[in-house]
Visitor: 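Questions regarding the structure given below will be posed in turn.
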Amino acid sequence: MTVKKQPTENTGLKAQIRKQSEEKVDEHESFVTLSFDTYADKAGFMRRFGFDEQAKFIRGTQFSEMIERAD
């Protein structure tokens, strides 16, 4: 004998939370990741643009103002 699970309030609540989480991610995916083969490569890049070698994050707007588009 198989017992069917009845929909509960929790099912709806879980779906609502999942939807809100997905919307939140969509709104906040305003970043890009750069990857370097070595720490020396990363440090050189950071120094080239005047950033601290140890920094893990830089503001995109600040970086954008420093460079020109290369087509």
Visitor: Do Ile58 and Phe31 belong to the same hydrophobic cluster, where Ile, Leu, Val, Met, Phe, Trp and Tyr are linked whenever their side-chain heavy atoms lie under 4.5 Å apart, directly or via other members?
Guide: no
Visitor: Yes or no on side chain to side chain contact (heavy atoms under 4.5 Å, CB included) for Phe63 and Thr61, after CA distance, side-chain angles and deciding distance?
Guide: CA-CA 5 Å; Phe63 182 67; Thr61 51; over 6 Å; no
Visitor: Using the rule that Ile, Leu, Val, Met, Phe, Trp and Tyr join whenever any side-chain heavy atoms are under 4.5 Å apart, tell me whether Val32 and Phe51 fall into a single cluster.
Guide: no
Visitor: Rounded to the nearest 0.5 Å, what separates atom CZ in Arg18 from atom CG in Leu13?
Guide: 10.5 Å
Visitor: Does the distance from a Lys or Arg side-chain N to an Asp or Glu carboxylate O, for Glu53 and Lys42, drop under 4.0 Å?
Guide: no
Visitor: How about Phe57: does its CZ atom have over 12 heavy atoms from other parts shown lying under 6.0 Å from it?
Guide: no
Visitor: According to a hydrophobic-cluster definition based on side-chain heavy atoms being under 4.5 Å apart (Ile, Leu, Val, Met, Phe, Trp, Tyr only), do Met66 and Leu34 belong together?
Guide: yes
Visitor: Can you establish whether the number of heavy atoms outside Asp37 located under 6.0 Å from its atom CG is more than 12?
Guide: no
